[in-house]
Amino acid sequence: LGFSLALITGIGIDEAHRTYLKLKIEGVYALGETVKSVVDSFLGAGVPLKQFIGFDTVSRMILTSDNTISSMRIVDNHKSAIFSSDPDSHVKLFFPSKSQDTLKRFLTDENKNLYRINIPLKNKFEKAGELQFEILKKPINDRILKMFKPFFPIVLAVMGLFLILIYSFEKKGLKNQKFWVTLAYSFSTLIVSFTILFSLIHIYSDGIQKKTHNLANSLAYKLSIVKKLDLKINSFKGIDQLFDQYKQLNNEISYIDLKIKNEIVVHTGKSDLKKVSEYIRHTKHLKDLEITVWVSKRTVYKNLWRSSKN
């Protein structure tokens with residue numbers, strides 16, 4: 001039983017790490033995609049990458065919004081830093097990570113302490129450089145262990161109860177002892193499996209909330225550029241296409257709403273306000289604007305069910 005429970009626990013922690021890391025990296029990409037779109041527009045206008053304006057402001061905003069991001073930089077095609085949030089940083093060795101984006105929007109590297117995502121920057125004709133984010137591994141691992149910490153005493157309690165039952169069966173000399181031992185074994189495994197599934201629900205929900213937060217921040221930053229130009233949001237074309245694009249690239253998203261003075265002016269679907277409790281959502285306020293990203297809790301359960309079958 002001990003070997004079986006250890007195996008189930010190992011599989012559960014590995015699945016939790018894989019799922020949480022995927023959501024974490026995609027959340028950082030959501031922030032990076034905002035910067036990428038601005039830099040790409042500069043490059044598309046024929047401005048050299050070295051003349052990009054505003055890196056310091058944007059990098060401070062992103063590093064403040066997510067404390068797991070240790071640094072952010074823009075590099076040329078030779079990996080030489082043009083802009084960096086950490087000018088004193090030395091060159092670190094990285095190797096390709098197993099956690100790659102299935103849509104191939106970016107590449108992921110890692111070393112002992114960091115993950116690094118590399119987002120390509122392009123002008124009209126070719127790749128001009130990369131936007132890089134370095135993400136600390138320790139906060140990710142600590143978060144997963146914290147979520148699983150209450151689980152370990154339960155495993156020990158189940159093993160202890162199983163041993164007590166086996167001793168009791170032998171002492172009483174029960175008939176069909178093999179049947180009762182098998183039943184106790186199956187029941188113990190089932191308790192541990194459901195406890196792991198419960199932990200995975202918490203980890204996945206936590207990851208989804210952080211990714212939703214980053215997506216809302218990313219959209220808010222793009223709309224803030226429109227606001228700075230003194231353009232009226234409700235007359236600005238292309239916002240609904242922008243929201244649809246975000247929804248397509250992030251299939252966890254159920255809806256994205258934009259409100260102006262509490263009135264919905266753009267939405268990717270009609271959200272049912274009577275069923276708010278069925279969604280994980282994050283709202284970003286921008287003066288008289290509100291951007292809300294909605295994620296159905298059913299999405300969480302479907303993905304976890306898929307994982308549990310594996």
Side-chain angles (χ1 to χ4, degrees), residues 20-142 210-211 213-215 217-222 224-225 228 246 249-250:
Y20 190 82
L21 177 60
K22 177 178 179 290
L23 291 170
K24 179 65 188 178
I25 289 175
E26 287 180 351
V28 174
Y29 172 76
L31 292 173
E33 198 276 335
T34 304
V35 184
K36 170 182 165 59
S37 64
V38 176
V39 177
D40 282 352
S41 66
F42 268 75
L43 294 172
V47 180
L49 193 55
K50 291 181 179 180
Q51 294 181 19
F52 174 68
I53 300 171
F55 176 84
D56 290 341
T57 302
V58 174
S59 63
R60 278 196 300 269
M61 179 196 73
I62 289 178
L63 293 175
T64 302
S65 69
D66 191 333
N67 58 12
T68 64
I69 301 175
S70 65
S71 65
M72 167 183 163
R73 64 178 58 86
I74 292 177
V75 301
D76 60 22
N77 287 329
H78 300 290
K79 305 294 183 181
S80 297
I82 299 173
F83 302 103
S84 177
S85 64
D86 184 11
D88 296 326
S89 63
H90 58 279
V91 177
K92 308 177 187 72
L93 294 176
F94 287 85
F95 55 89
S97 174
K98 293 180 181 179
S99 304
Q100 297 296 337
D101 180 42
T102 54
L103 299 177
K104 298 181 179 180
R105 296 168 294 179
F106 56 89
L107 294 175
T108 308
D109 301 325
E110 64 177 288
N111 60 24
K112 184 179 178 180
N113 301 313
L114 299 165
Y115 293 104
R116 183 179 70 188
I117 68 171
N118 309 280
I119 305 171
L121 302 172
K122 298 178 181 179
N123 56 31
K124 287 183 178 180
F125 310 103
E126 59 186 357
K127 179 183 172 184
E130 289 181 347
L131 174 64
Q132 297 181 342
F133 292 91
E134 292 182 358
I135 307 166
L136 296 169
K137 283 187 173 183
K138 190 176 185 303
I140 296 173
N141 296 334
D142 288 349
K210 285 181 169 58
K211 182 178 178 180
H213 174 83
N214 286 346
L215 285 169
N217 283 344
S218 175
L219 287 167
Y221 177 77
K222 288 190 173 183
S224 71
I225 295 173
K228 286 178 182 178
Y246 265 71
L249 293 175
N250 301 276

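Numbers here are sequence positions counted from 1.
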Which atoms form the tightest heavy-atom contact between Ala128 and Leu43, and what is the distance?
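That would be CB-CD1, 3.9 Å.
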
Shortest non-hydrogen contact between Gly129 and Asn77, atoms and distance:
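Closest approach of Gly129 to Asn77: N-OD1, 3.3 Å.
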
Exercise. Are side-chain heavy atoms of Leu114 and Ile135 found at a separation under 4.5 Å?
Worked result: no

- Beyond-backbone contact of Leu31 with Ser65, side-chain heavy atoms, under 4.5 angstrom: yes

Can you tell which of Val75, Ile74, Ile117 makes a side chain to side chain contact (heavy atoms under 4.5 Å, CB included) with Gln132?
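Of the listed residues Val75, Ile74, Ile117, the side chain to side chain contact (heavy atoms under 4.5 Å, CB included) partner of Gln132 is Val75.
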
_Considering only residues two or more places apart or on different chains, which pairs with a residue in residues 129-139 satisfy salt bridge (Lys or Arg N to Asp or Glu O under 4.0 Å)?_
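Qualifying pairs: Arg73-Glu134, Lys79-Glu130, Lys92-Glu134, Glu110-Lys137, Lys127-Glu130, Lys138-Asp142.
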
Could you check whether any side-chain N or O of Asn123 sits under 3.5 Å from a backbone N or O of Gly44, counting only pairs where one atom can act as donor and the other as acceptor? no

Q.
Just verifying a value: how many Å separate Asp40 CG and Leu121 CG, rounded to the nearest 0.5 Å?
A.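 CG of Leu121 is found 5.5 Å from CG of Asp40.
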
Working to the nearest 0.5 angstrom, can you tell me the gap between Phe133 CZ and Ser70 OG?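 So the CZ of Phe133 and the OG of Ser70 are separated by 11.0 Å.
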
Extract all donor-acceptor atom pairs below 3.5 Å that involve side chains of residues 48-59 and protein atoms in other chains or at least two apart in sequence.
{"residue": "Ser59", "atom": "OG", "partner": "Phe55", "partner atom": "O", "Å": "3.0"}
{"residue": "Ser59", "atom": "OG", "partner": "Asp56", "partner atom": "O", "Å": "3.0"}

Q. Just checking, any donor-acceptor pair under 3.5 angstrom between side chains of Asp86 and Ser84?
A.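 No, no side-chain donor-acceptor pair sits under 3.5 Å.
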
### Query
Is there a side chain to side chain contact (heavy atoms under 4.5 Å, CB included) between Val39 and Leu131 once you walk through the steps?
CA-CA 9 Å; Val39 177; Leu131 174 64; over 6 Å; no

### Message
Are there over 12 heavy-atom neighbours, none belonging to Phe95, within less than 6.0 Å of that residue's CZ?
### Response
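Above 12, so yes.
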
Per-pair distances, 0.1 Å, donor-acceptor, side chain in residues 100-109, under 3.5 Å, sequence neighbours excluded:
{"residue": "Gln100", "atom": "OE1", "partner": "Thr108", "partner atom": "N", "Å": "3.0"}
{"residue": "Gln100", "atom": "NE2", "partner": "Ser97", "partner atom": "O", "Å": "2.8"}
{"residue": "Gln100", "atom": "NE2", "partner": "Thr108", "partner atom": "O", "Å": "2.7"}
{"residue": "Asp101", "atom": "OD1", "partner": "Arg105", "partner atom": "NH2", "Å": "3.1"}
{"residue": "Asp101", "atom": "OD2", "partner": "Lys104", "partner atom": "N", "Å": "3.1"}
{"residue": "Asp101", "atom": "OD2", "partner": "Arg105", "partner atom": "N", "Å": "2.8"}
{"residue": "Asp101", "atom": "OD2", "partner": "Arg105", "partner atom": "NE", "Å": "3.0"}
{"residue": "Arg105", "atom": "NH1", "partner": "Leu249", "partner atom": "O", "Å": "3.4"}
{"residue": "Thr108", "atom": "OG1", "partner": "Ser99", "partner atom": "O", "Å": "3.1"}
{"residue": "Asp109", "atom": "OD2", "partner": "Arg116", "partner atom": "NH2", "Å": "2.9"}
{"residue": "Asp109", "atom": "OD2", "partner": "Asn118", "partner atom": "ND2", "Å": "3.0"}

